[in-house]
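Each remark here refers to the structure printed beneath this line.
Reminder, nothing fancy here: chain letters follow the sequence lines and each chain counts from 1.
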Amino acid sequence: VTRVVVAGAGSIGSLLAAHLARVADVTVLTRREEHAAALRERGLRVSGRNDFTSSLDATADPGKLPADVELAILACKATDLVPLAASLEGTLAGATMMTIQNGLGAEEIVATHGEWPLLSAVTFMSGTRHGDTHVEYVLDTATWIGPYRDTTESEARRVAELLEAGGLEAEAFPDLRPAQWSKLIFNATVNGVAALTNLPHDFHFAQTADLSDLGHLVRDLVDEGKAVAAAAGVELHDDPWEMNVLATQRGHRHFPSMLEDVEARRPTELELINGALVREAERLGVPGPLQTAVYRLVKAREASYSE
Amino acid sequence: VRVAVIGTGAVGSLFAANLSLLDDVEVWAFDLNELHMAAINRDGLRLSGADDVVGRPHATSNAAELPPCDFGIVATKAMHTEPAIAATAHALADGCVATVQNGLGNEETIARHVERVIRGTTFPAGKLLEPGHVQWEVQGDTTLGPYDERTPFGEVERLADACTRGGMPAHAVADARGPQWRKVIFNASTNPIGALTGLTHGRVCERPDLRALVTGLVDEGKAVAAAQEIELDADPEELIDHAAKREVAYGHKASMLQDVEARRQTEIDYLNGGIVRFGGEYGVPTPLNAAIQALVKGVEASWTQS
C-alpha cells in the first residue's frame with residue numbers, strides 16, 4: 001500500500017486525506033494536537049458528493065511522521081506554506097512532495113527547504129469543513145497534476161490515478177503551467193472582485209447587459225491576465241473568462257476563500273494569487289492597471305482590519 | 001422672492017433654514033420625509049453646530065401644495081433627482097432651478113422638466129439629527145452658474161445674493177463647471193476607495209500604492225474635464241492631500257463608506273459613472289473609474305442577495 005502524508009487539514013486537505021485513506025496508508029499532519037487526536041479517534045467523515053468515514057493516522061508533530069512515505073501533499077493555505085515547509089526540513093526523505101496551493105510560487109517555497117522531488121497540482125474541487133472530523137464534498141471538479149522538479153508526467157499520472165481510485169477527480173499533464181495560469185487568472189479576478197464586493201461567485205460576474213455591469217470588469221481583468229500569460233510564454237489550458245461563465249451557470253453560489261477570509265477578517269492568499277500575477281506583469285513589462293488596482297484595494301481592505 | 005428647496009436632508013435644510021431668515025424671501029421646503037416636514041411646521045427648522053439658527057420655512061410632502069416659485073434649489077441625492085423634479089416642476093416652470101447636488105448629470109435631468117436651470121456646487125455639510133433638527137458640520141461656499149443660455153445671468157446673481165445674505169456665501173459665475181468637476185473628481189477619486197477598503201481618507205492617502213490609484217482616478221477625471229475645455233478652479237490632488245492632514249479630515253469616513261456600512265444606495269453612478277459617461281462622449285478612456293463604478297455597484301448588489 002502506498003504511504004501518503006497529507007499536511008494541512010483544511011477543507012482541501014481533509015477531502016484529499018479521507019479519499020486517499022480508502023486506497024492508501026494516510027497520515028495527516030495537523031497544526032493542532034487536538035485535531036490530530038480527534039482524527040485518530042473518530043476518523044474523518046465525508047458527506048455531500050460522497051458519503052463515508054475513513055480511519056487514518058494523524059499527528060501534529062512533523063518529527064513523528066512515518067518513514068518511507070512515498071507522497072506528501074502540502075495542502076495548507078498559501079499563507080501557511082512557509083512555516084509548514086520549514087517545519088518539514090530534514091523529514092520525509094525519499095518522498096515526492098506535491099503542492100496544491102492557489103496562485104504561483106508554492107513550489108519554489110518548498111524547493112528551498114529540501115531536495116525532495118516535486119509535483120505541482122491545482123484543484124478545482126471544493127469542500128466545507130464541519131468541524132475537525134467532518135468535511136462536506138461540495139464541488140467534485142478535478143485536481144490537475146504535473147511534474148515540477150525531478151519528476152515526470154508518469155509520476156503525476158500515478159498520483160492522479162491514486163486520487164481517482166480514492167473517489168476524487170484528477171488528471172495528469174506533461175506541463176501544469178497552462179492549467180496553473182488559467183486558474184491563477186481566474187482566481188485573481190474572481191476572488192479579488194468577490195473580496196471587494198462581498199458578492200459570492202454568482203451571475204453578476206458574467207453579466208454584461210449594462211455598461212457598468214460587473215462582467216465587463218471581470219472580462220477586462222481576465223484579458224490583462226491573459227496578456228501576462230502570453231508574455232510569460234504560457235499557452236492557457238482554459239480560457240479564464242469561459243471558466244467564469246461556466247462556474248456562474250452551475251447554479252451554485254460559491255463563496256471564494258478570499259471573500260470568506262475578508263469577512264472573517266483573516267489574512268488572505270492575495271500575495272500568492274493577485275500579488276504573483278501583478279509582479280509577473282511588472283517583470284514582463286505588461287501593463288495591468290486593473291489587476292493592480294484590485295490587488296491594491298484588497299491589500300488595503302486587509303489592512304483596514306489587520307493593523 | 002419665493003424659493004422652494006426640493007429635498008431637505010442635511011444640505012437642503014441648511015439652505016431652507018438660512019434663506020427663511022430673510023424678510024424678502026419666502027421659503028418652501030419639500031421632502032418626502034413627513035416627520036421632518038411636520039416638525040418644521042410645528043417647531044421650525046433648527047440648525048446647530050457651525051451656527052445656531054431656527055428657520056421658519058413652510059414645509060410639505062405634498063408637491064401639489066407648492067405655490068409658483070421664483071427659484072428652486074434641488075438638494076436630493078442624485079438618484080432621486082428625476083422623481084423629485086417631475087413632482088415639483090409645476091411650481092417651478094416659470095422660475096429658475098438650481099442644483100446643489102453631488103455628481104454629474106443632475107442639470108440634464110432637471111432641464112428635461114424646466115427651462116431655466118442653474119448649475120451649482122456647494123461645500124457646506126451636515127447631518128439630520130432628528131425631525132426638524134440638523135447638525136451644521138461644515139461651512140463653505142456655493143458656486144452658481146447658468147446651465148445654458150436660457151438662464152438669465154441676472155437670476156443667477158439674484159439667487160447667489162439671497163443665499164449670501166442668508167448666511168450661505170454664494171458666487172455667481174458664467175461657467176460653474178470648474179468647481180463642479182473639481183468636487184466630482186475629488187469625490188470620485190476618494191469616496192469609493194474608502195467605501196471599498198473600509199479605510200478613512202487619511203489612511204487611504206498614507207498608503208503609497210493606494211494613493212497612486214487615487215491619482216490614476218484623478219488623472220482620468222482631469223482628462224475628461226480637459227476634453228470639455230473645463231478649467232478646474234483648483235487641483236483635486238492638492239485638495240486630497242490637504243484633507244488627509246491630521247487636523248483636517250484624516251479620520252473622516254467618506255460618505256460613501258458610511259452609505260455602504262448602512263447599506264444605503266450610493267451616488268456612484270453620478271460620480272465615477274458620470275466621469276465614465278462624459279469620457280465616452282468625448283472619447284477619453286476611463287478604465288479605472290469604470291472599474292471602481294462596477295465594484296461599488298457590485299457591493300450594492302451584494303445587499304439584495306437571497
*Should Lys297(B) and His204(A) count as side-chain neighbours, where that means a heavy-atom distance under 4.5 Å?*
no
The interface call for Ile268(B) against chain A, heavy-atom contacts under 4.5 Å, is neither
Within residues 209-230 of chain A, contacts to chain B at heavy-atom distances under 4.5 Å involve Ser212(A), Asp213(A), Leu214(A), Leu217(A)
### Message
Around atom CD of Glu235(A), are there more than 12 heavy atoms from other residues, nucleotides or ligands closer than 6.0 Å?
### Response
no
### Query
Is the number of heavy atoms from other residues, nucleotides or ligands within 6.0 Å of CZ (Arg31(A)) greater than 12?
no
- [ ] Assess whether atom NE2 of His242(B) is packed by more than 12 heavy atoms of other residues, nucleotides or ligands within 6.0 Å.
- [x] no
task: Using a cut-off of 6.0 Å, state whether more than 12 heavy atoms not belonging to Glu229(B) lie near its atom CD.
output: no
To the nearest 0.5 Å, atom CG of Leu199(B) lies from atom CZ of Arg301(A) at 10.5 Å
Notebook entry, point to check: Does Ser302(B) use its side chain to pair, donor to acceptor, with the backbone of Thr197(A) at less than 3.5 Å?
Noted result: yes
Is any side-chain heavy atom of Leu295(B) less than 4.5 Å from a side-chain heavy atom of Val193(A)? yes
With the side chain counted from C-beta on, respond yes when Leu297(A) and Leu210(B) share a heavy-atom pair under 4.5 Å apart, and no when they do not. yes
Across all chains, not counting sequence neighbours, the side chain to side chain contact (heavy atoms under 4.5 Å, CB included) partners of Asp148(B) are Arg150(B), Thr151(B)
Applying a strict 4.5 Å limit to non-hydrogen atoms, the region of Ala291(B) in contact with chain A is both
To the nearest 0.5 Å, atom NZ of Lys299(A) lies from atom CZ of Arg207(B) at 6.5 Å
message = Just checking Glu231(B): does its CD atom have more than 12 heavy atoms from other residues, nucleotides or ligands closer to it than 6.0 angstrom?
response = no
Checked Asp209(B), Ile193(B), Leu213(B) vs chain A; the most non-hydrogen pairs under 4.5 Å come from Asp209(B)
